[in-house]
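Below is one structure, written out as structure tokens; the observations come after it.
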Protein chains: 2
Amino acid sequence: MRTTTNPRDLTHPSREDIRLEGVLHALSDPLRLRVVHTLAGSPEQLSCSHFDLPVTKSTSTHHFRVLRESGVIHQAYRGTSKMNDLRRDDLDDLFPGLLDSVLVAVSRHSPTPPGRTGGAPPAPPAVY
Amino acid sequence: MRTTTNPRDLTHPSREDIRLEGVLHALSDPLRLRVVHTLAGSPEQLSCSHFDLPVTKSTSTHHFRVLRESGVIHQAYRGTSKMNDLRRDDLDDLFPGLLDSVLVAVSRHSPTPPGRTGGAPPAPPAVY
DNA sequence: CGCCCGGTACGAGATCCATCAAACTACGAG
DNA sequence: CTCGTAGTTTGATGGATCTCGTACCGGGCG
């Protein structure tokens, strides 16, 4: 009967539990939108600490949790840090075109947020 | 120099003042999502009272205001009632594909909300 | 004119949300 | 084992947000 609430267990909603309202709400915050945008522009997973958000650690934790619990991102521990990546497949399957249109909108309307991701430009719209 | 604050004056954000976060936030509420979906499925403007929302009149007013102030809908008085319609052109121009993908997602994941709109099916995805 | 109907304004209460500081946990390196 | 790094938890605070009830207004109808 161990499963005693291991603090390193991360709960993610299954695909069918992801709700549109939740995703839209998660994306309606500038900070979170920035995280999603950066994540989309990176070919690899990124640790939480990679993002240089203008808030404290606890606030950061909060935002990442909102993103995870709404089904927008997937998180997993790797050593001492936590890796994040977009749940692209799930989102594209559930809400086709939604993520892409949001990402394009962010790219268009934000002057490319300070703090470059690494190399890949914002995020090519992917297949249409 | 006041125009004496005419209560029938409705303020709408100009196109360039519409913000992505605001739109996403406005759409992240089930009630408002339902309104937008119904509006999108109607070829004509609809009065506020056309919607049979499970809330009181004042709450209804509140939600319509959120939609208007975020730039999602346009409102205008016509006689004793207020007509609503989507700001499709503005939204499509600012955030291409966003509204369509949201509407498709609503159509897919809601069992066609009770209280039919009139005739037109949910909203054909329009040009891709 | 007087009334109703569609909608607004104004509080007020409850809940949620973003934010922080401070104390804590877990892992890896010395 | 000790320390530092990465992130969590808890509690508090201030600000939105959602909801309501009640009072109000403006236009149309009888």
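Each chain gets a letter, A, B and so on, in the order the sequences are listed, and its residues count up from 1.
Using a 4.0 Å cut-off between charged nitrogen and carboxylate oxygen, A:Arg87 and A:Asp92 do not count as a salt-bridge pair.
Heavy atoms from other residues, nucleotides or ligands lying under 6.0 Å from CG of A:Asp17 number more than 12.
The aromatic rings of B:His109 and A:Phe95 sit perpendicular, their planes meeting at an angle over 60°, well past the 30° parallel limit.
Within the 4.0 angstrom heavy-atom criterion, base atoms lie near B:Thr61. If you check every strand for non-hydrogen atoms under 4.0 Å, A:Ser81 touches sugar and phosphate atoms only.
Of all heavy-atom pairs between A:Arg34 and A:Pro54, the closest is NH2-CD, 3.9 Å.
In terms of phosphate contacts, A:Ser49 brings no side-chain nitrogen or oxygen within less than 4.0 Å of OP1 or OP2 of D:dT5.
A straight line from CG of A:Asp9 to P of D:dT9 spans 11 Å, rounded to a whole angstrom. Atom OH of A:Tyr77 and atom P of D:dG7 are 9 Å apart (whole Å). D:dA16 atom P lies 16 Å from atom CD of B:Glu21, rounded to whole Å. The interatomic distance linking B:Leu10 (CG) with C:dG6 (C1') rounds to 14 Å, in whole Å. Per the geometry, CG belonging to B:Asp52 stands 12 Å off P belonging to C:dG7, to the nearest Å. Computed from coordinates, the B:Phe51 CZ to C:dG7 C1' distance equals 14 Å when rounded to whole Å. Put simply, CZ on A:Arg65 is 11 Å from C1' on D:dT10, counting in whole angstrom units. Between the P atom of D:dA16 and the CD atom of B:Glu69 lies a distance of 13 Å, rounded to the nearest Å.
Evaluation of the ring pair (Phe, Tyr, Trp, His ring centres under 6.0 Å) rule for A:His63 yields no partner, not counting sequence neighbours.
Residues A:Gly79 and B:Phe64 both approach DNA chain C. Their nearest nucleotides, taken by heavy-atom distance, put B:Phe64 toward the 5′ side.
A:His25 and B:His25 have their aromatic ring centers separated by at least 6.0 angstrom.
Side-chain N/O atoms of B:Thr59 and B:Thr56 include a donor and acceptor closer than 3.5 Å.
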Kindly give the atom pairs (protein nitrogen or oxygen, nucleotide nitrogen or oxygen) under 3.5 Å for nucleotides 17-21 of chain D.
residue, atom, partner, partner atom, Å
D:dC18, OP1, B:Arg32, NH1, 3.2
D:dC18, OP1, B:Arg32, NH2, 3.1
D:dC18, OP2, B:Arg32, NH1, 3.3
D:dC18, OP2, B:His62, NE2, 2.7
D:dT19, OP2, B:His63, NE2, 2.4
D:dC20, OP2, B:Thr56, N, 2.9
D:dC20, OP2, B:Thr56, OG1, 3.3
D:dC20, OP2, B:Thr59, OG1, 2.8
D:dG21, N7, B:Ser58, OG, 3.4
D:dG21, O6, B:Ser58, OG, 3.0

